Asker: 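Can you read through this structure? Questions will come right after.
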Amino acid sequence: MSHDLGFHGDTMAEGLVVSTCLGGAFVGSLFSGSIADGVGRRRAFQLCALPLIIGSSMSATAKNLWGMLLGRLFVGTGMGIGPPVAALYVAEVSPAYVRGTYGSCSQLATCLGLMGALFIGFPAKQIEGWWRMCFWASVAPAALLTVFMEFSVESPHWLFKRGRGADAEAEFEKLLGGPYVKGAMAELSKSQRGDEADTVKLSELFYGHHRKVVFMGSSLFALQQLSGINAVFYFSSTVFKSAGVPSESANICVGIANLLGSLFALVSMDKLGRKALLIASFSGMAVAMTIQATSASSLVSGSSVIYLSVGGMLFRLPRCV
């Protein structure tokens with residue numbers, strides 16, 4: 001890609017191709033909640049697919065760096081809108097006793113998507129311009145999302161909040177079956193009354209009694225990102241290449257490690273609980289980062305540097321899930 005678009009060897013340009021997508025995701029995430037509340041969860045999914053399709057198409061047909069950056073900005077915007085809506089939708093349509101497992105399915109799907117992208121990208125070194133096909137391939141999942149959401153149920157929580165109780169009952173019947181509709185509607189009505197009695201302004205999230213919850217939730221995401229997980233995904237090939245590991249093997253190892261972490265979370269989320277998994281995962285990340293820091297110090301030398309660096313990176317991936 002860098003050869004075709006004329007920025008080969010420019011590390012700043014390479015970083016921009018990555019970070020522009022993340023910048024777009026930041027912008028999209030700011031409007032994700034408003035979109036989901038305004039048009040509903042189903043339509044929000046379809047709207048987030050639109051910039052993904054446009055951005056991927058622009059990236060696939062880019063003639064220079066600026067065209068690529070604009071396409072990545074659109075893709076990032078869709079990425080910022082989608083995940084918060086996905087988490088909200090899964091929480092609202094899932095029965096409480098399997099909510100954690102269903103939530104983990106989103107991360108599992110992300111891991112499978114990453115592995116699929118890695119395999120699609122294998123011919124890039126042998127076939128000139130194959131990277132364009134990779135971007136075209138990414139249009140397909142976004143298009144399928146648009147189509148499949150047309151046949152999915154709308155969130156009963158959103159319908160009830162909009163005063164459409166009859167529609168909410170119909171959606172609960174599709175999700176849970178007729179015998180469970182009354183109980184689900186009673187629980188929904190009770191939670192809705194609690195929400196109305198506890199309505200707060202946005203500013204109160206930063207200084208009211210909600211401040212602690214907001215701080216904890218935000219800190220968990222911030223610490224995960226500050227651990228360098230994005231660097232592992234975006235620059236793993238470069239890191240492994242410097243250690244003498246072929247990029248194809250490195251990508252497979254990264255995908256498998258990430259998938260294993262997702263599978264473990266899938267089967268244990270509702271059994272062990274969220275808190276236990278968080279403590280274990282962050283502790284593991286600390287150990288992995290200590291290993292990597294040791295490999296970069298003067299305490300080790302020779303082949304041990306490679307083994308510790310690569311091992312620490314792979315050990316960190318399942319914990320970041």
Side-chain angles (χ1 to χ4, degrees), residues 1-8 10-32 34-36 38-87 89 106-107 109-152 230 233-237 247 251 255:
M1 183 196 303
S2 60
H3 281 287
D4 292 348
L5 300 183
F7 61 89
H8 179 66
D10 188 343
T11 54
M12 177 63 73
E14 291 177 358
L16 281 174
V17 171
V18 174
S19 58
T20 300
C21 186
L22 300 178
F26 172 75
V27 174
S29 65
L30 295 177
F31 300 98
S32 180
S34 300
I35 293 173
V39 301
R41 309 333 184 205
R42 291 171 61 222
R43 296 294 178 238
F45 277 119
Q46 293 174 322
L47 283 176
C48 88
L50 185 61
L52 290 173
I53 294 173
I54 294 174
S56 297
S57 302
M58 292 178 66
S59 297
T61 56
K63 303 298 182 183
N64 52 46
L65 174 62
W66 294 108
M68 173 60 67
L69 293 180
L70 185 59
R72 296 290 286 167
L73 185 65
F74 271 95
V75 169
T77 303
M79 288 172 56
I81 297 173
V85 178
Y89 183 75
S106 298
Q107 180 61 34
T110 301
C111 296
L112 293 175
L114 285 169
M115 292 189 69
L118 294 174
F119 282 111
I120 292 172
F122 277 165
K125 286 187 176 181
Q126 290 75 33
I127 303 176
E128 184 178 357
W130 182 259
W131 62 269
R132 295 187 185 274
M133 293 302 300
C134 297
F135 281 109
W136 282 122
S138 67
V139 173
L144 289 174
L145 173 65
T146 304
V147 175
F148 288 158
M149 286 311 299
E150 195 64 32
F151 302 98
S152 300
N230 287 322
F233 285 129
Y234 293 124
F235 300 106
S236 60
S237 296
S247 59
N251 289 333

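Everything quoted here is computed from the prediction, not taken from an experiment.
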Asker: Between R72 and V18, is there a donor-acceptor pair closer than 3.5 Å when you use the side chain of the first and the backbone of the second?
Answerer: no
Asker: Taking the side chain as everything from C-beta on, heavy atoms only, tell me whether L47 gets closer than 4.5 Å to F31.
Answerer: no
Asker: For Y89 and S152, run side chain to side chain contact (heavy atoms under 4.5 Å, CB included): C-alpha distance rounded to whole Å, both residues' side-chain angles, the deciding distance at 0.1 Å, then the answer.
Answerer: CA-CA 11 Å; Y89 183 75; S152 300; 3.8 Å; yes
Asker: Taking atom CG of D4 and atom CD of E128, what is their separation to the nearest 0.5 Å?
Answerer: 6.0 Å
Asker: Where do V17 and L65 come nearest, in terms of heavy atoms and distance?
Answerer: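 For V17 and L65, the tightest heavy-atom pair comes out as CG2-CD1, 3.9 Å.
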Asker: One pair to check against side chain to side chain contact (heavy atoms under 4.5 Å, CB included): W136 and V139. What are the steps and the verdict?
Answerer: CA-CA 5 Å; W136 282 122; V139 173; 4.2 Å; yes
Asker: What are the two closest non-hydrogen atoms of T146 and A49, and how far apart are they?
Answerer: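 Distance-wise, the nearest heavy atoms are OG1-CB, 3.2 Å.
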Asker: Please assess R42 against E150 for the test side chain to side chain contact (heavy atoms under 4.5 Å, CB included), listing each intermediate value before the final yes or no.
Answerer: CA-CA 7 Å; R42 291 171 61 222; E150 195 64 32; 4.0 Å; yes
Asker: Give, for atom CD1 of I54 and atom CG of L70, the distance between the pair rounded to the nearest 0.5 Å.
Answerer: 10.0 Å
Asker: Hey, does the side chain of W130 reach the backbone of F122 with a donor-acceptor pair shorter than 3.5 angstrom?
Answerer: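 No, W130 side chain to F122 backbone: no donor-acceptor pair under 3.5 Å.
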Asker: What distance separates I81 CD1 from L30 CG, expressed to the nearest 0.5 Å?
Answerer: 10.5 Å
Asker: To the nearest 0.5 Å, tell me how far E14 CD sits from S2 OG.
Answerer: 5.5 Å
Asker: Which pair of non-hydrogen atoms, one from M68 and one from W131, has the smallest distance, and what is that distance?
Answerer: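 Nearest pair, atom of M68 first, then W131: CE-CZ3, 3.5 Å.
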Asker: Can you see which heavy atom on P141 is nearest to which on A137, and at what distance?
Answerer: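 That closest heavy-atom pairing would be CD-O, 3.2 Å.
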Asker: Minimum heavy-atom separation for S32 and G80, please, with both atom names.
Answerer: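 S32 and G80 have their closest heavy atoms at CB-O, 4.0 Å.
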Asker: Classify the ring geometry of H3 against H8: parallel below 30°, tilted from 30° to 60°, perpendicular beyond 60°.
Answerer: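 Correct class here is parallel.
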Asker: Enter the distance from S57:OG to F74:CZ here, rounded to the nearest 0.5 Å.
Answerer: 11.0 Å
Asker: Any side-chain to backbone donor/acceptor pair from R132 onto A62? Under 3.5 Å, distance only.
Answerer: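 Checked: pair present.
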Asker: Hey, does L145 have a side-chain heavy atom less than 4.5 Å from the side chain of C48?
Answerer: yes
Asker: Looking at F135, is its backbone amide N or carbonyl O close enough to the side chain of S138 to form a donor-acceptor pair, meaning the two atoms are under 3.5 Å apart?
Answerer: yes
Asker: With rounding to the nearest 0.5 Å, note down the distance linking CG in D10 to CG in L16.
Answerer: 8.0 Å
Asker: S56 side chain to L52 main-chain N or O, any donor-acceptor pair under 3.5 Å?
Answerer: yes
Asker: Can you see which heavy atom on G121 is nearest to which on C134, and at what distance?
Answerer: CA-SG, 3.8 Å
